[in-house]
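Before any comments, here is the structure.
Computed from heavy atoms alone, side chains included, the values below leave out hydrogens, waters and symmetry copies.
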Amino acid sequence: VQLQASGGGLVQPGGSLRLSCAASGNIFSIRAMGWYRQAPGKQRELVATITSGGSTNYADSMKGRFTISRDNAKNTLYLQMNSLKPEDTAVYYCQMFVVVGDDRNNYGMDYWGKGTQVTVSS
């Protein structure tokens, strides 16, 4: 299983970006998905998560500005980021709990994308 994140880039303060993360491989199903970020010199932190049923959870500093969503048919995760601030500058990582295999034999584990850089600067 591979996760490919895209959509990062340079944006001015107050601008918007939409990140995507597509999963490929021997996927039986995908449970929870999430976005995390890591700024230079800081630990990786939670941005938002979404369950297979669509329930969402956000870090306090992202509430009202970021929206996480998923397309189960495409095995794809999204993060719409609005009103971006310089402190949102970080490498953003996608994470998915993927069940691989088939009806008879399957198991789940966490997979991570390689990250996409988001830079908010004027």
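- Sorted by first then second residue, the salt bridge (Lys or Arg N to Asp or Glu O under 4.0 Å) pairs that include residues 102-121, not counting sequence neighbours, number zero.
- Among pairs with a residue in residues 80-99, none fulfils ring-ring contact (aromatic ring centres under 6.0 Å, His included), at least two apart in sequence or across chains.
- Contacts classified as disulfide (SG to SG under 2.5 Å) and involving residues 44-81 (residues at least two apart or in different chains) are not found.
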Distance-only donor-acceptor hits, side chain of residues 4-21, under 3.5 Å, sequence neighbours excluded:
| residue | atom | partner | partner atom | Å |
| --- | --- | --- | --- | --- |
| Ser16 | OG | Asn82 | OD1 | 2.9 |

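- In this structure the side chain of Tyr107 never reaches within 4.5 angstrom of the side chain of Val98, judged on heavy atoms.
- Evaluation of the ring-ring contact (aromatic ring centres under 6.0 Å, His included) test over residues 4-45, restricted to residues two or more places apart or in two chains, returns Tyr36-Trp112.
- Side chains of Ile27 and Val1 form a contact here, defined as non-hydrogen atoms less than 4.5 Å apart.
- Screening residues 37-88 for disulfide (SG to SG under 2.5 Å), with sequence neighbours left out, gives no hits.
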With a 3.5 Å cut-off and sequence neighbours excluded, list the donor-acceptor pairs that the side chains of residues 54-63 form with protein atoms.
| residue | atom | partner | partner atom | Å |
| --- | --- | --- | --- | --- |
| Tyr58 | OH | Ile68 | N | 2.9 |
| Asp60 | OD1 | Lys63 | NZ | 3.2 |

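- Judged as a salt bridge (Lys or Arg N to Asp or Glu O under 4.0 Å), the pairs with a partner in residues 19-39 (not counting sequence neighbours) are, in order, Arg37-Glu45, Arg37-Asp88.
- Counting heavy-atom neighbours within 6.0 Å of Gln43 CD, excluding the residue itself, gives a total of 12 or less.
- Leu77 is listed as a side-chain neighbour of Ile50, based on a closest heavy-atom distance under 4.5 Å.
- The side chain to side chain contact (heavy atoms under 4.5 Å, CB included) search around Asp71 returns Ala73, Lys74, Tyr78, not counting sequence neighbours.
- Leu79 places a side-chain heavy atom less than 4.5 Å from the side chain of Val47.
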